[in-house]
J.: 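Quick one: this structure, given as C-alpha cells, is what I'll be asking you about.
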Amino acid sequence: MDIWNIFIAFIVQSIEFVSYEAGISEAIAIICVTLIGRLILMPVNIFAMANMYKNKKAIATIQPELEKLKALHKDSPSEIAKHTMALYKKHNIKFLDKNSVMNIASQGVFGLGMFQALQQVIFNSKFAWIVNIAKPDVALALLVGVITYFSMVVMPGSAEQTSTLLFVIPAIICIITLINFPSAIGLYWATSSVTSLLQSLALNRYFHQQEAGNTI
C-alpha cells in the first residue's frame, strides 16, 4: 500500500501547494486540483463516451431485430439472451472494451484518492454560503445530487428508454453520503460532476453535428 499512500500524500500536498503558492482559499484549491485531475483523465473518458455513443446508435439500428428475437423466444429468456449476445457480437457492439475499463479504473482511483485525501486535511476556510468546508452542508449536498443526476442523464451513451430510477438512485446516494462528510468532499464531487456534465453536453453537440453533416 506504499504506492497508494504516496498517491494520497501527493494529492494532499498538491492542494496545500496550490492554496499556499497561488494565495487562494483551500476550497478554490480543491476545485483547481480536481479540474487538473479531470483534464489529465479527459482523453480516456472521451474515448469511453464515444464508444458508449457508438453502441447506443448501433443498438438503435438493430432494434427491429431485437424485437423479433423477443417475440420469437418470448417463453425462453435464456434463448433471448443467447441470440441477443450473438447479434451484438455480429454488429461489433462491446460494452466493456479497453477504453471503458481504463476509464472506470482511472476515474475510480482518482475519485477514491481525492475522497481519502480530503478526509486527512484539516480545513478551516469558507466558500460561498458555506461557513466552514470542514463541516457538512445540506444545501451543497442537494446541489451536488442534482448536478450528478443531470450529468448522468446527458451522457452520450444514455439510452432514451433507460429507467429514471437508474439516474435517481445514484443521486440520492450522493446526497446521503455528502450530508455526512465535510463540504470539502462535496466541492470535489460538485466540480467533478460539473466537468462531466459540460463534457457530455459538448460531446453530444459534436456527435449531433457529425450526424447532421453525414445526412447532407
J.: Do the non-hydrogen side-chain atoms of Ile133 and Lys126 ever get within less than 4.5 Å of each other?
T.: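 A side-chain contact under 4.5 Å is absent here.
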
J.: Can you list everything that forms a ring pair (Phe, Tyr, Trp, His ring centres under 6.0 Å) with Tyr206? Sequence neighbours excluded, please.
T.: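 If we apply the ring pair (Phe, Tyr, Trp, His ring centres under 6.0 Å) test to Tyr206, skipping adjacent residues, there are no hits.
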
J.: Are Ser193 and Thr148 linked by a side-chain donor-acceptor pair shorter than 3.5 Å?
T.: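 The answer is yes; a qualifying pair exists.
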
J.: Quick test of your reading: applying side-chain hydrogen bond (donor to acceptor under 3.5 Å, both in side chains), list the pairs with at least one residue in residues 167-180, sequence neighbours left out, ordered by first then second residue.
T.: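 Found none.
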
J.: Are there more than 12 heavy atoms of other residues, nucleotides or ligands under 6.0 Å from atom CZ of Phe150?
T.: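 No, the 6.0 Å shell around CZ holds no more than 12 heavy atoms from other groups.
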
J.: Kindly indicate whether the side chain of Ile30, heavy atoms from C-beta on, has any atom under 4.5 Å from the side chain of Thr191.
T.: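 No. Closest side-chain heavy atoms not under 4.5 Å.
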
J.: Check whether Asn204 reaches the backbone of Ser200 with its side chain - one donor and one acceptor, N or O, closer than 3.5 Å.
T.: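 Pair found, side chain donor or acceptor close to backbone of Ser200.
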
J.: Give, for atom CG of Leu140 and atom NZ of Lys135, the distance between the pair rounded to the nearest 0.5 Å.
T.: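 Here the interatomic distance stands at 15.5 Å.
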
J.: In the structure I gave you, are the side-chain heavy atoms of Ile11 and Phe7 within less than 4.5 Å of one another anywhere?
T.: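 Yes, at least one pair of side-chain atoms sits under 4.5 Å.
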
J.: Specify the closest pair of heavy atoms between Ser192 and Thr34, including all atoms of both residues, with the distance to one decimal.
T.: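 Looking at all heavy atoms of both residues, the shortest contact is N-CG2, 4.0 Å.
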
J.: Side chains of Ser14 and Ile36: does their closest heavy-atom pair fall under 4.5 Å?
T.: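 No - every pair of side-chain heavy atoms lies 4.5 Å or more apart.
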
J.: Between Leu118 and Phe181, is there a side-chain heavy-atom distance shorter than 4.5 Å?
T.: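 Of all side-chain heavy-atom pairs linking Leu118 with Phe181, none is under 4.5 Å.
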
J.: Using the rule given for side chain to side chain donor-acceptor pair (under 3.5 Å), can you reason through Glu26 versus Ser19, listing the C-alpha separation, both sets of side-chain angles and the distance that settles it, and then say yes or no?
T.: CA-CA 6 Å; Glu26 296 165 326; Ser19 177; 5.7 Å; no

J.: Kindly compute the distance separating CD1 (Ile15) from OH (Tyr188), expressed to the nearest 0.5 Å.
T.: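 If I round to the nearest 0.5 Å, the distance is 11.0 Å.
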
J.: Going by heavy atoms in the side chains, are Ile179 and Pro136 under 4.5 Å from each other?
T.: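 Result no, sub-4.5 Å side-chain heavy-atom pair not found.
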
J.: Taking atom CZ of Phe47 as the centre, does the number of heavy atoms from other residues, nucleotides or ligands within less than 6.0 Å exceed 12?
T.: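 No, CZ of Phe47 has 12 or fewer neighbouring heavy atoms, counting only those of other groups under 6.0 Å.
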
J.: Could you pull out the closest heavy-atom pair between Ile175 and Ala141, with the gap in Å?
T.: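 Between these two residues, the closest heavy atoms are CG1-O, 3.4 Å.
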
J.: More than 12 non-hydrogen atoms from neighbouring residues, nucleotides or ligands closer than 6.0 Å to CE on Met85, yes or no?
T.: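 Open.
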
J.: Run the side chain to side chain donor-acceptor pair (under 3.5 Å) test against Gln116 and tell me which residues pass, sequence neighbours left out.
T.: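 Applying side chain to side chain donor-acceptor pair (under 3.5 Å) to Gln116 gives Trp4.
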
J.: Check whether any side-chain heavy atom of Arg38 sits under 4.5 Å from a side-chain heavy atom of Ser196, and report yes or no.
T.: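 In short, these two side chains touch, coming nearer than 4.5 Å.
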
J.: Are any non-hydrogen side-chain atoms of Pro170 and Met152 less than 4.5 angstrom apart?
T.: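 Yes, side chains in contact.
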
